[in-house]
Amino acid sequence: MPELPEVETIARGLAARVPGRRVEGVTVRRPDVIARPASRRAFRDGMTGRRIREVTRRGKNVLFVLDAGMRLLVNLGMTGRLLLDDAPAARGLGHVAVRFRLDDGRTLLYDDVRRFGRMELFDAQGWAERDARFGLEPLGEEMTPEALHAVTSASRVPIRNLLLDQDRIVGVGNIYASEALHRSRVHPARPASSLTRAETHRLRDEIRAVLQEAIDAGGTTFSDYRNASGEAGAFQFRLRVYGREGEPCAHCGTAIERQVISNRSAFFCPACQPHRRGRRA
DNA sequence: AACGCGCCCTGTCCGC
DNA sequence: TGCGGACAGGGCGCGT
(Lines give C-alpha, C1' and ligand atoms only; values in the text may rest on other atoms or scores of the structure.)
Protein backbone atom coordinates (compact mmCIF):
# COMPACT_ATOMS: atom_id res chain seq x y z
CA MET A 1 0.00 0.00 0.00
CA PRO A 2 2.02 2.91 1.22
CA GLU A 3 4.85 4.45 -0.73
CA LEU A 4 6.90 7.48 0.20
CA PRO A 5 4.10 10.09 -0.02
CA GLU A 6 1.71 8.02 2.09
CA VAL A 7 4.37 7.23 4.69
CA GLU A 8 5.47 10.86 4.79
CA THR A 9 1.86 11.93 5.38
CA ILE A 10 1.43 9.43 8.20
CA ALA A 11 4.74 10.43 9.80
CA ARG A 12 3.83 14.13 9.70
CA GLY A 13 0.48 13.41 11.29
CA LEU A 14 2.09 11.49 14.13
CA ALA A 15 4.88 14.05 14.46
CA ALA A 16 2.25 16.62 15.39
CA ARG A 17 0.82 14.44 18.12
CA VAL A 18 3.17 12.00 19.85
CA PRO A 19 6.64 13.51 20.40
CA GLY A 20 7.24 14.01 24.10
CA ARG A 21 5.07 11.06 25.09
CA ARG A 22 6.43 8.05 26.94
CA VAL A 23 5.51 4.47 26.10
CA GLU A 24 4.07 2.93 29.23
CA GLY A 25 3.07 -0.43 27.90
CA VAL A 26 3.16 -2.59 24.77
CA THR A 27 0.71 -5.27 23.70
CA VAL A 28 1.73 -7.54 20.85
CA ARG A 29 -1.30 -9.37 19.48
CA ARG A 30 0.39 -10.53 16.29
CA PRO A 31 3.98 -11.62 17.03
CA ASP A 32 4.84 -12.19 13.37
CA VAL A 33 4.84 -8.40 12.90
CA ILE A 34 7.83 -8.01 15.24
CA ALA A 35 10.99 -8.63 13.24
CA ARG A 36 13.62 -7.28 15.64
CA PRO A 37 14.62 -8.08 18.27
CA ALA A 38 13.93 -11.77 17.87
CA SER A 39 11.63 -12.25 20.84
CA ARG A 40 8.43 -10.41 21.50
CA ARG A 41 9.40 -10.09 25.16
CA ALA A 42 12.65 -8.35 24.23
CA PHE A 43 10.65 -6.00 21.99
CA ARG A 44 8.25 -5.17 24.81
CA ASP A 45 11.05 -4.65 27.29
CA GLY A 46 13.00 -2.50 24.83
CA MET A 47 10.01 -0.25 24.09
CA THR A 48 8.56 0.10 27.55
CA GLY A 49 9.55 3.33 29.28
CA ARG A 50 11.00 4.87 26.12
CA ARG A 51 10.13 8.45 25.36
CA ILE A 52 9.26 9.29 21.74
CA ARG A 53 11.45 12.22 20.69
CA GLU A 54 10.52 12.52 17.05
CA VAL A 55 8.51 10.82 14.30
CA THR A 56 9.92 10.93 10.80
CA ARG A 57 10.30 8.86 7.63
CA ARG A 58 13.10 6.78 6.13
CA GLY A 59 12.27 5.34 2.70
CA LYS A 60 8.84 3.72 3.01
CA ASN A 61 9.23 3.35 6.78
CA VAL A 62 7.89 5.41 9.65
CA LEU A 63 10.80 6.08 12.00
CA PHE A 64 10.25 6.75 15.69
CA VAL A 65 13.29 8.39 17.27
CA LEU A 66 13.32 7.34 20.91
CA ASP A 67 15.49 8.30 23.84
CA ALA A 68 18.77 6.53 24.60
CA GLY A 69 19.60 6.53 20.87
CA MET A 70 16.97 3.91 20.11
CA ARG A 71 14.89 3.81 16.92
CA LEU A 72 11.64 2.03 16.06
CA LEU A 73 11.33 1.40 12.33
CA VAL A 74 7.85 0.52 11.06
CA ASN A 75 7.34 -0.85 7.56
CA LEU A 76 3.62 -0.81 6.75
CA GLY A 77 3.75 -3.51 4.09
CA MET A 78 0.61 -3.35 1.96
CA THR A 79 -2.11 -2.73 4.53
CA GLY A 80 -0.44 -1.38 7.66
CA ARG A 81 -1.94 1.63 9.46
CA LEU A 82 -0.64 3.68 12.37
CA LEU A 83 -3.06 5.86 14.26
CA LEU A 84 -4.03 7.03 17.70
CA ASP A 85 -7.06 5.59 19.39
CA ASP A 86 -8.65 9.03 19.77
CA ALA A 87 -9.11 9.25 15.98
CA PRO A 88 -12.70 8.39 15.04
CA ALA A 89 -11.41 5.94 12.42
CA ALA A 90 -9.70 3.88 15.12
CA ARG A 91 -13.00 2.32 16.10
CA GLY A 92 -13.35 0.61 12.75
CA LEU A 93 -10.03 -1.23 12.92
CA GLY A 94 -10.40 -4.96 12.79
CA HIS A 95 -6.82 -6.19 12.65
CA VAL A 96 -4.89 -4.46 15.39
CA ALA A 97 -1.49 -6.16 15.65
CA VAL A 98 0.34 -4.00 18.20
CA ARG A 99 -0.74 -1.39 20.79
CA PHE A 100 1.53 1.16 22.47
CA ARG A 101 -0.03 2.70 25.55
CA LEU A 102 1.20 6.28 26.04
CA ASP A 103 1.61 8.28 29.23
CA ASP A 104 -1.24 10.67 28.35
CA GLY A 105 -3.80 7.87 28.30
CA ARG A 106 -3.93 7.52 24.53
CA THR A 107 -2.88 4.39 22.64
CA LEU A 108 -0.93 4.25 19.41
CA LEU A 109 -2.37 1.44 17.28
CA TYR A 110 -0.75 -0.59 14.54
CA ASP A 111 -3.39 -2.31 12.40
CA ASP A 112 -2.50 -4.59 9.48
CA VAL A 113 -4.98 -6.79 7.60
CA ARG A 114 -2.45 -8.81 5.64
CA ARG A 115 0.38 -8.62 8.17
CA PHE A 116 3.04 -7.94 5.57
CA GLY A 117 4.21 -5.05 7.76
CA ARG A 118 7.18 -5.37 10.12
CA MET A 119 8.58 -3.50 13.13
CA GLU A 120 12.23 -3.35 14.07
CA LEU A 121 13.72 -1.86 17.22
CA PHE A 122 17.34 -0.69 17.01
CA ASP A 123 19.91 0.60 19.43
CA ALA A 124 22.22 3.38 18.23
CA GLN A 125 24.79 1.03 16.76
CA GLY A 126 22.22 -1.23 15.07
CA TRP A 127 20.47 1.75 13.57
CA ALA A 128 23.69 3.21 12.16
CA GLU A 129 24.33 -0.06 10.35
CA ARG A 130 20.79 -0.34 9.01
CA ASP A 131 20.64 3.31 8.02
CA ALA A 132 23.78 2.95 5.92
CA ARG A 133 22.15 0.27 3.77
CA PHE A 134 19.22 2.32 2.44
CA GLY A 135 19.33 3.41 -1.20
CA LEU A 136 19.08 7.01 -2.39
CA GLU A 137 16.45 9.17 -0.69
CA PRO A 138 14.70 10.59 -3.76
CA LEU A 139 13.76 13.91 -2.14
CA GLY A 140 17.14 14.38 -0.50
CA GLU A 141 20.16 16.32 -1.70
CA GLU A 142 21.89 13.02 -2.41
CA MET A 143 19.47 12.43 -5.31
CA THR A 144 21.55 14.25 -7.89
CA PRO A 145 21.20 13.39 -11.57
CA GLU A 146 24.70 11.93 -11.41
CA ALA A 147 23.84 9.74 -8.42
CA LEU A 148 20.77 8.29 -10.12
CA HIS A 149 22.70 7.73 -13.31
CA ALA A 150 25.35 5.84 -11.36
CA VAL A 151 22.59 3.56 -10.07
CA THR A 152 20.80 3.01 -13.39
CA SER A 153 23.96 2.45 -15.40
CA ALA A 154 25.08 -0.33 -13.05
CA SER A 155 22.19 -2.73 -13.72
CA ARG A 156 20.38 -4.32 -16.63
CA VAL A 157 17.15 -5.08 -14.76
CA PRO A 158 14.00 -3.45 -16.14
CA ILE A 159 14.00 0.17 -15.02
CA ARG A 160 10.64 -0.34 -13.28
CA ASN A 161 12.18 -3.09 -11.14
CA LEU A 162 15.19 -0.98 -10.32
CA LEU A 163 12.95 1.80 -9.06
CA LEU A 164 11.30 -0.68 -6.69
CA ASP A 165 14.61 -1.92 -5.27
CA GLN A 166 14.97 -0.28 -1.86
CA ASP A 167 18.69 -1.08 -1.76
CA ARG A 168 19.20 1.29 -4.69
CA ILE A 169 16.55 3.98 -4.31
CA VAL A 170 14.05 4.15 -1.47
CA GLY A 171 10.44 5.25 -1.25
CA VAL A 172 9.27 4.55 -4.80
CA GLY A 173 6.69 1.76 -5.10
CA ASN A 174 4.64 0.34 -7.92
CA ILE A 175 2.31 3.33 -8.35
CA TYR A 176 4.88 6.08 -8.47
CA ALA A 177 7.30 3.96 -10.53
CA SER A 178 4.71 3.78 -13.32
CA GLU A 179 3.84 7.46 -12.93
CA ALA A 180 7.43 8.69 -12.95
CA LEU A 181 8.33 6.57 -15.98
CA HIS A 182 5.34 7.85 -17.93
CA ARG A 183 6.17 11.44 -17.13
CA SER A 184 9.76 10.75 -18.19
CA ARG A 185 8.66 8.98 -21.40
CA VAL A 186 10.63 5.83 -20.56
CA HIS A 187 9.19 2.34 -21.12
CA PRO A 188 9.08 0.38 -17.83
CA ALA A 189 10.67 -2.75 -19.31
CA ARG A 190 13.76 -1.02 -20.67
CA PRO A 191 17.00 -2.26 -19.12
CA ALA A 192 18.09 0.35 -16.59
CA SER A 193 21.52 0.63 -18.18
CA SER A 194 19.97 1.47 -21.56
CA LEU A 195 18.70 4.83 -20.32
CA THR A 196 20.59 7.76 -21.75
CA ARG A 197 21.99 10.37 -19.46
CA ALA A 198 19.24 12.76 -20.58
CA GLU A 199 16.56 10.16 -19.78
CA THR A 200 18.02 9.47 -16.37
CA HIS A 201 18.10 13.16 -15.57
CA ARG A 202 14.49 13.53 -16.66
CA LEU A 203 13.55 10.52 -14.57
CA ARG A 204 15.26 12.04 -11.54
CA ASP A 205 13.27 15.24 -11.93
CA GLU A 206 9.96 13.44 -12.49
CA ILE A 207 10.41 11.07 -9.54
CA ARG A 208 10.90 14.05 -7.28
CA ALA A 209 8.02 15.98 -8.83
CA VAL A 210 5.46 13.20 -8.62
CA LEU A 211 6.40 12.29 -5.06
CA GLN A 212 6.18 15.91 -3.95
CA GLU A 213 2.83 16.43 -5.69
CA ALA A 214 1.50 13.30 -4.05
CA ILE A 215 2.66 14.47 -0.62
CA ASP A 216 0.90 17.76 -1.24
CA ALA A 217 -2.28 15.80 -2.07
CA GLY A 218 -2.02 13.68 1.09
CA GLY A 219 -1.09 10.47 -0.74
CA THR A 220 -2.97 7.98 -2.94
CA THR A 221 -5.91 6.02 -1.52
CA PHE A 222 -7.42 3.08 -3.38
CA SER A 223 -8.89 1.24 -0.45
CA ASP A 224 -6.63 0.70 2.53
CA TYR A 225 -4.37 3.69 2.92
CA ARG A 226 -5.33 6.27 5.53
CA ASN A 227 -3.27 8.98 7.21
CA ALA A 228 -2.66 9.13 10.95
CA SER A 229 -6.10 10.68 11.44
CA GLY A 230 -7.80 7.99 9.40
CA GLU A 231 -8.43 10.19 6.36
CA ALA A 232 -7.99 9.20 2.70
CA GLY A 233 -5.58 10.93 0.31
CA ALA A 234 -6.49 12.58 -3.00
CA PHE A 235 -3.68 11.79 -5.43
CA GLN A 236 -5.59 8.85 -6.95
CA PHE A 237 -7.48 11.46 -8.99
CA ARG A 238 -4.24 12.75 -10.48
CA LEU A 239 -2.66 9.46 -11.54
CA ARG A 240 -1.92 9.44 -15.27
CA VAL A 241 -1.34 5.74 -15.95
CA TYR A 242 -1.47 3.57 -12.83
CA GLY A 243 -4.68 1.53 -12.79
CA ARG A 244 -5.83 3.13 -16.05
CA GLU A 245 -5.45 0.27 -18.53
CA GLY A 246 -7.51 0.99 -21.66
CA GLU A 247 -8.08 4.64 -20.84
CA PRO A 248 -6.64 7.33 -23.11
CA CYS A 249 -3.23 8.78 -22.32
CA ALA A 250 -3.71 12.36 -21.11
CA HIS A 251 -0.82 13.44 -23.32
CA CYS A 252 -1.58 11.74 -26.66
CA GLY A 253 -4.87 9.85 -26.37
CA THR A 254 -3.41 6.39 -27.01
CA ALA A 255 -4.90 3.62 -24.85
CA ILE A 256 -2.84 2.95 -21.71
CA GLU A 257 -1.45 -0.58 -21.55
CA ARG A 258 -0.66 -2.90 -18.68
CA GLN A 259 2.29 -5.24 -18.78
CA VAL A 260 3.24 -7.68 -16.06
CA ILE A 261 6.92 -7.41 -15.25
CA SER A 262 8.29 -9.76 -12.59
CA ASN A 263 4.77 -10.58 -11.41
CA ARG A 264 3.75 -6.97 -10.85
CA SER A 265 1.75 -4.71 -13.16
CA ALA A 266 3.38 -1.83 -14.96
CA PHE A 267 1.18 0.77 -16.70
CA PHE A 268 2.43 2.85 -19.60
CA CYS A 269 1.51 4.63 -22.81
CA PRO A 270 2.89 2.67 -25.77
CA ALA A 271 3.14 5.84 -27.85
CA CYS A 272 4.77 8.16 -25.30
CA GLN A 273 6.99 5.39 -23.91
CA PRO A 274 8.24 3.34 -26.87
CA HIS A 275 10.44 0.37 -26.06
CA ARG A 276 13.33 1.37 -28.26
CA ARG A 277 16.82 1.10 -27.00
CA GLY A 278 18.55 4.20 -25.79
CA ARG A 279 22.21 4.78 -26.37
CA ARG A 280 24.50 2.90 -24.06
CA ALA A 281 26.09 5.18 -21.53
C1' DA B 1 26.67 -11.22 -6.97
C1' DA B 2 22.83 -10.30 -9.24
C1' DC B 3 18.54 -11.65 -10.50
C1' DG B 4 13.88 -13.99 -11.05
C1' DC B 5 10.49 -16.23 -8.66
C1' DG B 6 7.53 -18.12 -5.10
C1' DC B 7 5.63 -16.98 -1.03
C1' DC B 8 3.84 -14.55 3.12
C1' DC B 9 -1.80 -13.20 4.27
C1' DT B 10 -6.47 -11.37 3.82
C1' DG B 11 -9.91 -9.19 1.23
C1' DT B 12 -12.36 -7.88 -2.95
C1' DC B 13 -13.94 -8.26 -7.41
C1' DC B 14 -15.16 -10.56 -11.65
C1' DG B 15 -16.73 -14.30 -14.64
C1' DC B 16 -19.26 -18.41 -14.77
C1' DT C 1 -25.90 -17.17 -4.36
C1' DG C 2 -21.69 -19.73 -4.62
C1' DC C 3 -17.16 -20.71 -6.14
C1' DG C 4 -12.62 -20.38 -8.22
C1' DG C 5 -9.18 -17.44 -9.82
C1' DA C 6 -6.89 -13.11 -10.41
C1' DC C 7 -5.24 -9.29 -8.23
C1' DA C 8 -3.71 -5.77 -4.60
C1' DG C 9 0.22 0.14 -2.88
C1' DG C 10 5.80 -4.67 -0.22
C1' DG C 11 9.65 -7.29 0.69
C1' DC C 12 12.07 -11.68 2.16
C1' DG C 13 14.43 -15.96 1.16
C1' DC C 14 15.56 -19.26 -2.01
C1' DG C 15 17.87 -21.36 -6.01
C1' DT C 16 20.49 -20.48 -10.12
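Protein chains get the first letters and strands the later ones, always in sequence-line order, with residue 1 at the start of each.
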Without swapping roles, check the side chain of [X] against the backbone of [Y] for a donor-acceptor pair under 3.5 Å.
X	Y	result
A/Q166	A/F134	no
A/D85	A/R106	no
A/R22	A/R50	no

Need one value for [X]: base, sugar-phosphate or nothing, where a base atom within 4.0 Å counts as base even if backbone is also close, heavy atoms only.
X	answer
A/S223	base
A/R168	sugar-phosphate
A/D32	nothing
A/S265	sugar-phosphate
A/R118	nothing

Flag for A/E6-A/Y176: side-chain donor and acceptor within less than 3.5 Å: yes
Polar contact flag, side-chain donor to acceptor under 3.5 angstrom, A/S265-A/R258: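 There is such a pair (donor and acceptor under 3.5 Å, judged by atom type) between the side chains of A/S265 and A/R258.
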A/N263 vs A/R115, nearer the 5' end of DNA chain B by closest nucleotide: A/N263
Phosphate OP1/OP2 of B/dG4 contacted by A/R264 side-chain N/O (<4.0 Å):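 No, no such contact exists.
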Distance test, side-chain N/O of A/H95 to OP1/OP2 of B/dC9, below 4.0 Å: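 So the side-chain polar atoms of A/H95 never come under 4.0 Å of the phosphate oxygens OP1 or OP2 of B/dC9.
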Straight-line distance of A/D165 CG to A/R160 CZ, nearest 0.5 Å: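 It is 11.5 Å, given to the nearest 0.5 Å.
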Atom-to-atom span, CZ of A/F222 to C1' of B/dC13 - whole angstrom: 15 Å
A/D112 CG to B/dC9 C1', straight-line distance once rounded to whole Å: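 Taking atom C1' of B/dC9 as the reference, CG of A/D112 is at 9 Å.
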Along DNA chain C, first and last positions that approach a heavy atom of chain A under 4.0 Å: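 Here the contact window of chain A covers C/dC7 to C/dG11.
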